[in-house]
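Atoms within a ligand are numbered from 1 in the order they appear, just like the ligands themselves. Heads up: numbering here begins at 1 and tracks the sequence. Side chains are part of it too, since the values below use all heavy atoms of this structure and drop only hydrogens, waters and symmetry mates.
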Amino acid sequence: MSGLRLVHMLDELGRVTDEPGRLTRTFLSPGMKRANALVGGWMREAGLAVREDDTGNLIGRLESTPGTKTLLLGSHLDTVRNAGRFDGALGVVLPIVALAQLKRRGVTLPFAVEVLGFSEEEAVRFTGAYLGSKAYTGRLRPADLKLSDARGNTLRAVIEEHSGRRYTPPKPAHKRSDLLGYVEVHIEQGPVLENRKLAVGVVSAIASQTRGRLIFRGRAGHAGTTPMALRRDALAGAAEFVLLAEKYASARAPLVATVGTINVPSGAANVIPGETVVSLDVRHPNDAACRRALTQLIGSARKIARRRGLTVGWQPTMQHQATPCSPALTAALARSVKAVQGKSLSLVSGAGHDGVVMSALTPIAMLFVRCRDGLSHHPDEYASPKDLAVALRVMVDFLQRLSADYTDERG
Ligand code: HGY
Ligand code: MN
Ligand code: MN
């Protein structure tokens, strides 16, 4: 029953979008407000007290006796453009269904629980990712408020327009000593579980990640009158770099390097591109390897530019160290995976998650759910009802065993 309910809720939430015909929800957009209203209603039905903080994070709290600790569960409700309906949403909706199930069974937990729907993780509207969890953990900086979106709206202006009041980056929502940890359920967004024929697994660490943009500058000119030998074509230089980055990373697995966007400001078909901006996303499970790759790739971009009479600048927009998950909390989660699935598997996450930021506040653990062909950031992203039911059973089992441990510890 609950597994099907989870499927229907994710289908319904997957239809809440800013762009008719495809799923896109970006920071504090009308679609995000509707998503918060829908998910907030489900939280209330499950017996949670619901609030939204000034940064648009949706917070559902299941209270317990005063003085007990709080377990945090959650993920993000924003999406990439033309997204799938599981990335982020699964980690918010599944805990709600699990808590509703325990409530129906008359089970009360000996600790409080907060289910978190973070307002921004994907860095689609603003380049600095994890704005929601950064605010929740007190790590949003005044400098972040100067970030601006494609229309030139600053983060501060967007937040204050949304909340209707002056915004100061909040303090951490909790003290470390008040928390039991943060557990995020997420689709794997990769092929490992499918290859190993497992519905779920646990995460050992989240890969190191650096993102930024390379700005190639040459000289604009007339496409019809400028001989090829006299050109300083910024787009051609950027294109050479894109292929070099792909070749470089392909020879150094598990390194991955992606140019996801390319932009020619004021470009036109009959103008030689004078400027081209490409994004660059470099990831590796090991920090030093990620840094080394980035240095070498930027060095190669400079060599291409020199040879072509271009200049190239690098603007980092995001950098996160590799983030290990808490061995103790992950072992507790793996215990439930084994109880439900018979065996567990531990894997590295190549994708970034709010857990990267939450790990500064409290121990983190992640439950991965198999997704078809490892496909994600795509409308065909899919996790089967059967696998979702397994993940739900793992979460319920985890909450019950954690309750027993917690009660034993408190004597
Ligand atoms: O890009 C990522 O790794 C995540 O999906 N935001
Ligand atoms: Mn994502
Ligand atoms: Mn995600």
With under 30° as parallel and over 60° as perpendicular, where do the rings of H76 and H186 fit, or are they tilted in between?
-> tilted

N, O or S from D87 under 2.8 Å to the Mn ion (ligand 3) = yes

Closest to the Mn ion (ligand 2), among the N/O/S atoms of H377, is atom NE2

Give the ring-plane orientation class for F241 versus F216, where under 30° counts as parallel, over 60° as perpendicular and anything between as tilted.
-> tilted

Closest H186 atom to the Mn ion (ligand 3) [N, O or S only] = NE2

To the nearest 0.5 Å, how far apart are CZ in R61 and CG in L116?
-> 10.5 Å

Report yes if some heavy atom in the side chain of H174 is under 4.5 Å from a heavy atom in the side chain of L72; otherwise report no.
-> yes

Short side-chain donor-acceptor distance under 3.5 Å, D178 and T70 = no

Check: S133 main-chain N/O paired with T137 side-chain donor or acceptor under 3.5 Å | yes

Ligand-protein N/O pairs under 3.5 Å (ligand 1):
{"residue": "ligand 1", "atom": "1 (O)", "partner": "R211", "partner atom": "NH2", "Å": "3.1"}
{"residue": "ligand 1", "atom": "1 (O)", "partner": "R283", "partner atom": "NH2", "Å": "2.9"}
{"residue": "ligand 1", "atom": "3 (O)", "partner": "R283", "partner atom": "NH1", "Å": "2.5"}
{"residue": "ligand 1", "atom": "3 (O)", "partner": "R283", "partner atom": "NH2", "Å": "3.2"}
{"residue": "ligand 1", "atom": "3 (O)", "partner": "G352", "partner atom": "N", "Å": "2.6"}
{"residue": "ligand 1", "atom": "5 (O)", "partner": "E122", "partner atom": "OE1", "Å": "3.4"}
{"residue": "ligand 1", "atom": "5 (O)", "partner": "H377", "partner atom": "NE2", "Å": "3.1"}
{"residue": "ligand 1", "atom": "6 (N)", "partner": "E121", "partner atom": "OE1", "Å": "3.0"}
{"residue": "ligand 1", "atom": "6 (N)", "partner": "E121", "partner atom": "OE2", "Å": "2.9"}
{"residue": "ligand 1", "atom": "6 (N)", "partner": "E122", "partner atom": "OE1", "Å": "2.9"}

E122 atom (N/O/S) at minimal separation from the Mn ion (ligand 2) | OE2

Answer yes or no for H353: is there an N/O/S atom below the 2.8 Å cut-off from the Mn ion (ligand 3)?
-> no

Passing option when I262 is tested against L214, V277, L235 for side chain to side chain contact (heavy atoms under 4.5 Å, CB included) = L235

Any donor-acceptor pair under 3.5 Å from S279 side chain to G260 backbone = yes

